[in-house]
Peer 1: 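First the structure, which I've put down as structure tokens, then a few questions once you've had a look.
Numbering of ligands and ligand atoms starts at 1, following listing order. Residue indices begin at 1 and follow the sequence shown.
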Amino acid sequence: MNILILGADGYLGWPTALFFEQRGHNVYLVDDCSKRELELELGVSPIAPIVDFSDRGWLLTNDHPYHIDLASDGAYDILVSILAGREIDTVIHYAEQPSAPYSMRSRNACIATQQRNIIGTLNLMFAVRHVNPDIHIIKLGTMGEYGTPNIDIEEGWLDVEHNGRKDRVLYPKKPGSFYHLSKVADSNNLEFATRCWGLRVTDLNQGIVYGTSTGESKLGTDCGTSFHYDETFGTVLNRFIVQSLLKQYLSVYGVGGQTRGFLDIRDTLRCVEIAANIKAEPGEFRVRNQFTSQWSVNGLASLVTTSIGGKIYHHDNPRVEEEEHYYNAKNDSFLLDGLDPYPLNSVQVANMATNIEPYLDNVNLEWLKPRTLWRQ
Ligand code: USQ
């Protein structure tokens with residue numbers, strides 16, 4: 001395949017690029033390094049340094065990586081020329097502002113998040129329609145689009161019966177941040193494009209990713225991915241492991257019954273590979289729920305304390321979210337297509353801790369504190 005990876009500098013984008021390149025595909029990299037700019041704005045950084053995006057590009061493709069802000073005015077024309085010139089058949093789209101807390105910081109941060117995410121996706125849709133509607137768009141959505149409904153979460157679609165009539169509708173969304181709302185807008189726009197223009201779209205509603213390394217990140221010193229533990233970009237399990245290793249309290253927000261879908265970063269790559277190999281049909285909006293196990297925040301905290309030690313502290317919850325709720329999300333799609341997930345257990349937690357330990361001197365304890373208040 002000729003694969004265009006949008007957001008190729010990110011936590012998931014860079015490992016994805018290496019993964020597909022190692023399997024013989026031609027990969028082309030796009031990023032605008034805006035995540036690095038946000039890190040500078042907030043004064044945070046990954047636990048270990050990572051190489052520049054331009055070096056990553058040369059390392060992989062012997063070609064220049066494309067530095068494009070997908071939400072900018074010029075992005076459409078550049079995308080058109082890359083899609084056509086490189087005969088791209090698959091686009092993997094990660095290029096979005098990924099942090100819920102960032103999107104809740106201020107009016108500016110909310111608008112910047114929604115502008116970047118929604119307009120970037122629109123530019124991609126229009127470019128694919130113009131060049132070749134047969135190009136498969138694989139879009140990284142999020143399980144957080146669904147929220148925590150009091151009914152089972154299906155994979156994207158819901159069969160409903162109302163006043164004696166039946167229909168199949170997009171699953172109702174109840175997202176919990178302006179970031180998650182941007183992903184809902186993406187899903188709606190993409191679904192409409194499949195109906196209207198016959199595009200092929202796979203929307204991956206991914207859960208919370210944990211992990212420090214993939215098979216490919218061990219190929220060389222430049223192949224590692226970013227690992228965040230700060231309150232804006234660090235996800236909950238990654239943060240708990242750093243806190244535990246530093247003998248800090250694990251920061252459970254509120255009661256801790258918040259339950260989510262989780263997956264190992266290595267399973268992200270295998271899911272994206274399955275999605276790429278089994279294309280959505282023309283006009284199909286295929287939704288796959290991309291997580292491998294469900295955990296409550298309390299359950300994760302206990303897993304970490306029993307695996308590597310530490311104590312738990314229940315902070316006043318900075319977010320607005322249900323802290324005790326029903327949660328039962330389907331994830332059959334990838335399992336039926338052959339995914340054999342890595343389990344999340346104390347061995348896995350201990351492995352992650354071993355990978356993180358050499359960098360603990362770099363940790364800034366201030367960045368661990370929850371600061372962004374949803375209600376402020
Ligand atoms: N939480 C804590 N303590 C912490 C950090 C988080 O209790 O120190 C709780 C939060 O309140 C929340 C849960 O853990 O209930 C998950 O928070 P998170 O920061 O790990 O994940 P979230 O903000 O939901 O966002 C992350 C990624 C995002 C992705 C999403 C998948 O940053 O890009 O879309 O996970 S999902 O949650 O399924 O929507």
Side-chain angles (χ1 to χ4, degrees), residues 7 10-13 35 38 93-105 113 116-117 139-149 153 173-184 186-187 203-211 226-244 246 248-263 265 268 288-304 310 312-325 327 329 331 365 367-374:
Y11 173 58
L12 301 176
K35 170 99 175 284
L38 292 185
H93 178 18
Y94 292 106
E96 301 208 334
Q97 193 295 99
S99 163
Y102 182 80
S103 75
M104 300 301 294
R105 281 172 69 80
T113 299
R116 166 167 304 285
N117 296 1
K139 166 71 177 35
L140 262 288
T142 170
M143 285 299 292
E145 291 184 35
Y146 301 116
T148 53
I153 295 174
K173 306 288 172 70
K174 204 162 46 162
S177 74
F178 290 122
Y179 152 74
H180 289 100
L181 275 150
S182 74
K183 297 273 188 177
V184 173
D186 285 339
S187 295
D203 199 13
L204 300 177
N205 282 341
Q206 183 167 250
I208 301 170
V209 184
Y210 57 84
S226 51
F227 180 92
H228 281 274
Y229 60 90
D230 60 90
E231 72 116 17
T232 307
F233 296 115
T235 49
V236 60
L237 180 57
N238 290 355
R239 283 166 56 74
F240 283 174
I241 293 177
V242 171
Q243 289 166 333
S244 164
L246 288 169
Q248 301 289 308
Y249 283 100
L250 274 61
S251 55
V252 170
Y253 295 167
V255 171
Q258 303 94 306
T259 303
R260 303 286 185 269
F262 286 81
L263 75 163
I265 188 170
T268 292
R288 294 175 182 265
N289 289 350
Q290 185 164 311
F291 70 93
T292 58
S293 57
Q294 291 186 180
W295 291 80
S296 69
V297 172
N298 281 333
L300 281 183
S302 301
L303 176 67
V304 172
I312 294 167
Y313 178 76
H314 289 266
H315 282 265
D316 285 346
N317 197 335
R319 306 188 182 195
V320 176
E321 59 186 356
E322 289 183 76
E323 296 176 8
E324 283 175 310
H325 56 88
Y327 197 79
N331 64 347
L365 296 181
W367 299 351
L368 283 166
K369 294 179 185 162
R371 291 182 189 285
T372 308
L373 305 178
W374 257 228

Peer 1: If the test is side chain to side chain donor-acceptor pair (under 3.5 Å), which one of E321, R319, E323, H325 qualifies with Q258?
Peer 2: E321

Peer 1: Which residues pass the ring-ring contact (aromatic ring centres under 6.0 Å, His included) test with Y313, sequence neighbours left out?
Peer 2: H315

Peer 1: Can you measure from CZ (R116) to NZ (K35) and round to the nearest 0.5 angstrom?
Peer 2: 12.0 Å

Peer 1: Nearest 0.5 Å please: distance from the NZ atom of K173 over to the CD atom of E145.
Peer 2: 4.0 Å

Peer 1: Quick check for students: name every N or O atom pair between ligand 1 and the protein closer than 3.5 Å, with distances.
Peer 2:
from     : atom 1 : to   : atom 2 : distance (Å)
ligand 1 : 3 (N)  : S251 : O      : 2.6
ligand 1 : 7 (O)  : Y253 : N      : 2.9
ligand 1 : 8 (O)  : R239 : NE     : 2.9
ligand 1 : 8 (O)  : R239 : NH2    : 3.1
ligand 1 : 8 (O)  : S251 : O      : 3.2
ligand 1 : 8 (O)  : S251 : OG     : 2.8
ligand 1 : 11 (O) : E321 : OE1    : 3.4
ligand 1 : 11 (O) : E321 : OE2    : 2.6
ligand 1 : 15 (O) : R260 : NH2    : 3.3
ligand 1 : 15 (O) : E321 : OE1    : 2.8
ligand 1 : 15 (O) : E321 : OE2    : 3.2
ligand 1 : 17 (O) : R319 : NH1    : 3.4
ligand 1 : 19 (O) : R319 : NH2    : 3.0
ligand 1 : 20 (O) : V236 : N      : 2.8
ligand 1 : 23 (O) : R319 : NH1    : 2.8
ligand 1 : 32 (O) : P98  : O      : 3.3
ligand 1 : 33 (O) : P98  : O      : 2.6
ligand 1 : 33 (O) : Y179 : OH     : 3.1
ligand 1 : 34 (O) : T142 : OG1    : 2.9
ligand 1 : 34 (O) : Y179 : OH     : 2.7
ligand 1 : 39 (O) : T142 : OG1    : 2.5
ligand 1 : 39 (O) : G144 : N      : 2.8
ligand 1 : 39 (O) : H180 : NE2    : 3.0

Peer 1: With sequence neighbours left out, write down each residue that passes ring-ring contact (aromatic ring centres under 6.0 Å, His included) with Y146, or none if nothing qualifies.
Peer 2: Y171

Peer 1: Test of understanding: with ring-ring contact (aromatic ring centres under 6.0 Å, His included), list the residues that count as partners of H180, not counting sequence neighbours.
Peer 2: none

